[in-house]
Amino acid sequence: MSRPRATAFLNARLMDPESGLDKPGGLLVEDGIIADMGNHLRRNAPKGADVIDCNGHVLAPGLIDCQVFTGEPGHEHRETLATASNAAAAGGVTTIVCMPETEPVIDQVALVDFIRRRARDTALVNVHTMAAATKGLAGAEMTEIGLLKEAGAVAFSNGKSSIQDTALLRNVLNYAKDFDALIVHHTEDPYLSRSGVMNSGEVATRLGLPGVNKLAETIVLERDVRLVEMTGGRYHAATISCAESIAVIRHAKKRKLPVTCGVSINHLTLNENDIGPYRTFFRIRPPLRGEDDRRAMVTALAEGHIDVIVSSHDPQDADTKRRPFAEAADGAIGLETLLAAALRLYHNEEIDLMRLLRAMTINPARLLGLSSGRLQEGAPADIILIDLGQPWVVDKDGLKSRSKNSPFDEGKLQGRVLHTMVAGKSVYRYPAGKRG
Amino acid sequence: MQKGETLIDTAITLNAMRPDLLVVRHHAAGAVELLSQKVDCSVINAGDGAHQHPTQGLLDALTIRRAKGRIEGLTVAICGDVLHSRVARSNINILNTLGARVRIVAPSTLLPSSPDRLGAEIFTNMKEGIKDADIVMMLRLQRERMEGTYVPSSREFFHFFGLDEDKLQLARPDALIMHPGPMNRGVEIDSTVADHSRSVIREQVEMGVAVRMAVLETLARHLPNR
């Protein structure tokens, strides 16, 4: 494969969430890394370099999305690594972390290796694996955490179900600690949530749908934090969704426990009222909460209590979604709309841009030990150019994901990725065919 | 005991036979202590649960002293399932008493609680724990412990905590290899390493006979009414 030429981004607003840099300037990419950046490059490109005029738009590190479900292997008709990467590139996501909930489950070294090679051969963006913490995601036996980490798994999760066996979770945290492996856990008590299909409350009552009390999430989170206290293992609550859970996280952090948490873009921008007339694209897990909780998530993010924003991209096909709400599968896609939806919070002046970007770049990078997520000399050239103001209307059929279950369908968003670069190679441009 | 008789009843029955000495092994920690309170003769603990195996500690110490000429100042790395091991506890006792520097090497899930209080240096990384050790003592990992509760698989355990040629290189060039037996070849110890020239596993067995003869003889010399 021939080496890409040098590329110079001129006339940009350089933003690096790690250092807090927010200045006009230019940036030079060479051999897949950021070779040089600064004001001296604002107008002048070195000879022979491809030139891209950024027109003053934001040049930032590409986004790192640490919760992405795909259908590869097992349900390729929903999404492959290739199609997910297309959606990611269009959304400015240059690194995706794939969940182990495939068929077969990613609980063996050979399967981590499969994903790595498949991604190398077919995906446009960087792909990492979050391996299963228990065999078959059954919550009964630990997986070979040491060997899986050596094979490249960046973290371990039990997928969409919480480990119920407290002693097992304690052992997992204890064991993982020896390998400095991160345990990512979905927190939901299966007994309390067994028959619920949405958040319990007035909306569920009016719709006649069984609800799950949000404390089903907090109960498990509180238990898990005590297990972290017992073992000292690194723990990340995958997607929290209510104020009570935030309180638990804050308390844990105050006690300096190795606890972090993520929030899905859906819980920052949508609430249970958006379900409207039983729209199944709004059936997700954790369920959409009330507006109070949505606001609490936004405030918590703005105050730095939430570390990471994920898309929780979960492709589901018509088979599983075009059913009565209570029978539909949960899940919403979100790779392509993650950034624009997040920018709603910026445009509404609820969060400043740097903090927003931080939660999608350097914070996930640090959590997972990745060298990307930074706009700095020497960092991998995973870069995006963002037009913060450009309005667009989401048309689900125009989205690049193979599945179309987007809760932002027909939504008006403001903000769009103009250019996505991964390891020095341009993988997306808007409009298509535009150069410079 | 098989017929449902309680331990105490067994003790009383045995005592009625007026034995000179009893040698007792039991799966429950403290059972030997309990039995010894109910009999008039001396009781030798042949291993009670995960608590102690005193004669094993003695024979291991004897083996070391015969091979190395001393115990004081030697670095001994005890590796494996320390959590469930009476051999580990007895060895930590006796080796510390005799002035050795004891290390414990195990994944966190196989360490006992408050490991720092045992009087040994704790390592959860075998490469670090075995570095420059004079003695490498491997413990057996039972089948049921390697299925995913404490340890994910025997393959993973062997990769990170098994004694193989590579890891052995990190110990001193004249380091001894020990194992209380029976061995799980390929799990805690590589088959080739078990048969290594510096393995004293067979000597341990031989010293075991000698030590137990000595214990019996010493106690027999002090019987009442002799």
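Letters A, B, ... are given to chains in the order of the sequence lines, protein chains preceding strands, and every chain is numbered from 1.
Proximity of B/Tyr150 to A/Tyr175: side-chain heavy atoms (C-beta onward) are nowhere separated by under 4.5 Å. Side-chain atoms of B/Thr149 and A/Glu141, non-hydrogen and from C-beta on, never get closer than 4.5 Å to each other.
Within a 6.0 Å sphere centred on CD of B/Gln37, other residues, nucleotides and ligands contribute more than 12 heavy atoms. By the neighbour-count criterion of 12 heavy atoms within 6.0 Å, atom NZ of A/Lys253 is densely surrounded, having more than that number from other residues, nucleotides or ligands. The neighbour count for A/Glu229 CD, taken as heavy atoms of other residues, nucleotides or ligands under 6.0 Å away, is above 12. For B/Lys38, the NZ atom sits in a loose shell: 12 or fewer heavy atoms of surrounding residues, nucleotides or ligands are nearer than 6.0 Å. Shown here is A/Arg223, whose CZ atom has more than 12 heavy atoms of other residues, nucleotides or ligands within 6.0 Å. Atom CZ of B/Arg202 has 12 or fewer heavy atoms from other residues, nucleotides or ligands within 6.0 Å.
With no hydrogens or angles considered, a side-chain donor-acceptor pair links A/Asp178 and B/Ser108 at under 3.5 Å. For B/His159 and A/Glu150, the side-chain atoms include at least one donor-acceptor pair closer than 3.5 Å.
One distance of note links CE of A/Met142 with OG1 of B/Thr109; it measures 5.0 Å at 0.5 Å rounding.
With hydrogens and angles disregarded, a donor-acceptor distance shorter than 3.5 Å links the side chain of B/Glu156 to the backbone of A/Leu147.
Heavy-atom minimum distance, A/Lys135 versus B/Pro152: NZ-O, 2.7 Å.
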